[in-house]
Amino acid sequence: MHFVSRIDPAAAQTPQPYEQKSSGFRRAAYVDRSIGSVHMGTAICFLDAPGAIAPHVHSFEESFYILDGNVIVQIGDQAYELGPGNFALIGTGVPHSWRNVGDRPACWLEMQAPQPRPIEYGRDTFFVGGEAPLQGTPPAPDSPKTGYFDETQLPRPGGVSQMEGFNPTTGVAIKMFVDRSFGAIHQSLFLIQYQPGAKIDLHDHTFEESYFIVSGNVCATADGETHDLGAGDVIWTGVGCIHSFANLGDEPVRWIETQAPLPPAREVFRFERDWAQYAA
């Protein structure tokens with residue numbers, strides 16, 4: 001009920017529906033139906049300069065977090081200038097497009113839910129005509145569609161949790177990007193950091209999760225197997241997969257996490273320790 005892999009930019013490919021409607025676009029999927037997932041599609045996307053993706057809509061919800069580069073992203077009737085640290089939610093059926101306006105490839109993490117259909121099963125991406133805008137404006141600080149993360153926004157470890165149903169854990173900080181309060185219906189997207197020595201006990205969920213390691217190293221346990229993960233590695237855990245994480249190093253570890261379906265407001269975690277007394 002879990003899968004571990006590593007992002008290889010050289011293996012990224014242009015999805016078939018985009019072949020005639022984009023230039024310089026490639027996608028490295030790390031969660032889809034092929035690994036056992038049924039609820040989400042996640043990938044690292046690349047857009048060469050001066051590439052673009054024509055306006056289109058999806059019959060699913062999409063969120064993203066910019067890792068590198070500078071882009072103009074049109075969401076609905078607004079075109080935004082976005083760069084590293086920006087994130088956004090694109091609702092089901094909302095027209096959007098991309099254009100790289102920088103001098104190097106742009107890169108972003110993409111989360112889609114409900115899970116996109118295999119191309120041989122049916123369509124769920126539809127191009128609507130027109131061109132990606134050449135210009136945009138920086139999003140307002142109170143924009144309801146986009147957000148921005150910098151280091152000052154990372155909560156103090158052990159402080160009040162931003163995640164519904166999660167009790168603060170020593171050495172763990174969570175910064176929510178996209179969730180129910182941001183307008184999401186099907187998913188959540190957030191950043192999490194473990195300080196050296198921080199850990200979370202074995203647990204499972206009623207939803208799937210994916211983890212893209214941004215920096216540092218972490219020891220992940222899933223289905224009784226242990227994996228040492230570093231920057232560029234990814235792991236997916238399915239519904240009911242018993243898993244845990246521990247930072248055994250001397251530097252913080254940070255990853256971007258996705259969840260689908262959207263977690264409930266209560267009983268988000270089922271910890272093994274809470275039921276050990278009945279197993280004796």
Side-chain angles (χ1 to χ4, degrees), residues 1-9 11-13 15 26-46 60-65 67 87 107-118 121 124 163 166 172 174 176-179 184 186-194 199-247 253-264 268-272:
M1 293 188 286
H2 78 282
F3 190 82
V4 176
S5 61
R6 182 170 179 80
I7 299 300
D8 179 7
Q13 299 180 339
R26 294 166 291 122
R27 189 174 188 271
Y30 61 92
V31 177
D32 57 20
R33 189 168 299 192
S34 69
I35 69 165
S37 171
V38 297
H39 288 297
M40 68 170 70
T42 55
I44 302 299
C45 297
F46 304 90
F60 49 78
E61 188 177 73
E62 182 173 80
S63 65
F64 64 83
Y65 179 86
L67 297 166
F87 57 88
C107 176
W108 65 90
L109 184 149
E110 177 180 84
M111 166 63 174
Q112 300 169 332
Q115 186 179 81
R117 296 167 174 166
Y121 186 77
D124 50 19
M163 177 185 289
F166 178 73
V172 177
I174 297 175
M176 299 303 298
F177 296 152
V178 173
D179 59 6
H186 299 289
Q187 59 174 285
S188 61
L189 171 73
F190 55 96
L191 181 143
I192 188 165
Q193 178 174 283
Y194 279 42
K199 65 178 182 178
I200 190 168
D201 291 338
L202 288 167
H203 63 281
D204 69 350
H205 307 287
T206 58
F207 47 86
E208 298 178 3
E209 295 181 300
S210 77
Y211 318 77
F212 170 69
I213 311 300
V214 176
S215 62
N217 295 275
V218 67
C219 178
T221 299
D223 296 326
E225 300 178 6
T226 299
H227 306 275
D228 293 321
L229 306 176
D233 290 329
V234 292
I235 181 171
W236 165 82
T237 55
V239 174
C241 173
I242 299 174
H243 59 283
S244 67
F245 295 94
N247 183 351
V253 60
R254 181 176 293 185
W255 63 78
I256 298 174
E257 186 166 335
T258 71
Q259 301 171 326
L262 191 66
V268 177
F269 293 77
R270 180 169 61 176
F271 285 99
E272 292 296 284

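Not measured: the values here are computed from a predicted model.
Using a 4.5 Å heavy-atom cutoff, the side chains of F177 and M111 are not in contact. With a 4.5 Å cut-off on side-chain heavy atoms, V268 and F207 count as touching. No side-chain heavy atom of F245 sits under 4.5 Å from any side-chain heavy atom of N247. In this structure, the side chains of E257 and E209 come closer than 4.5 Å at one or more pairs of heavy atoms. Counting heavy atoms from C-beta on, the side chains of I242 and M1 never come closer than 4.5 Å. Under the 4.5 Å side-chain criterion, counting only non-hydrogen atoms from C-beta, L189 is in contact with T258. The shortest distance between side-chain heavy atoms of I256 and V214 falls below 4.5 Å.
The minimum heavy-atom distance between L229 and A220, with the atom names listed, is CD1-CB, 3.9 Å. Of all the heavy atoms in S210 and V31, the pair that sits closest is CB-CG2, 3.8 Å. Between A184 and V178, the shortest heavy-atom contact is CB-CG1, 3.7 Å. Taking each heavy atom of P9 and R26 in turn, the nearest pair found is O-NH1, 3.4 Å. Here the closest heavy-atom approach between residue M40 and residue A260 is recorded as CE-N, 3.7 Å. Listed here is the closest heavy atom pair of A222 and H2: O-CE1, 3.4 Å.
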R254/L191 under side chain to side chain contact (heavy atoms under 4.5 Å, CB included): CA gap, chis, key distance, verdict: CA-CA 7 Å; R254 181 176 293 185; L191 181 143; 3.5 Å; yes
Side chain to side chain contact (heavy atoms under 4.5 Å, CB included) assessment of T221 paired with T226: CA-CA 4 Å; T221 299; T226 299; 3.8 Å; yes
CA sep, side-chain torsions, deciding dist, call: T237, Y211, side chain to side chain contact (heavy atoms under 4.5 Å, CB included): CA-CA 9 Å; T237 55; Y211 318 77; 3.3 Å; yes
CA sep, side-chain torsions, deciding dist, call: L109, T42, side chain to side chain contact (heavy atoms under 4.5 Å, CB included): CA-CA 7 Å; L109 184 149; T42 55; 5.5 Å; no
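Not a single donor-acceptor pair under 3.5 Å links the side chain of D223 to the backbone N or O of E225. The main-chain N or O of I213 is never found under 3.5 Å from a side-chain atom of D233 such that the two would form a donor-acceptor pair. Although no hydrogens or angles enter the test, the distance criterion places no donor-acceptor pair under 3.5 Å between the side chain of D124 and the main chain of P116. A side-chain donor-acceptor contact under 3.5 Å links H203 to the backbone of D201. For the pair E61 (side chain) and H186 (backbone), a donor-acceptor distance under 3.5 Å is present. In this structure, the side chain of Q187 does not engage the main chain of Q112 through any donor-acceptor pair within 3.5 Å.
Expressed to the nearest 0.5 Å, how far CZ of F87 lies from CZ of F64 amounts to 10.0 Å. Between the SG atom in C241 and the CD1 atom in I235 there is a gap of 7.0 Å [rounded to 0.5 Å]. Separating the CG atom in D32 from the CH2 atom in W236 is a distance of 10.0 Å, to the nearest 0.5 Å. A distance of 9.0 Å separates CZ of R6 from CZ of F212, quoted to the nearest 0.5 Å. For the atom pair NZ of K199 and OG of S244, the computed distance is 9.0 Å after rounding to the nearest 0.5 Å.
Applying the salt bridge (charged side-chain N to carboxylate O under 4.0 Å, His left out) test to residues at least two apart or on different chains, the pairs with a partner in residues 107-116 are R27-E110.
Under 3.5 Å, the side chains of H205 and Q259 contain no donor-acceptor pair of N or O atoms.
With ring centers used as reference points, Y194 lies under 6.0 Å from W255.
For S5, the side chain to side chain contact (heavy atoms under 4.5 Å, CB included) partners are F3, Y30, V234, not counting sequence neighbours.
A 6.0 Å sphere centred on CZ of R270 holds no more than 12 heavy atoms belonging to other residues, nucleotides or ligands.
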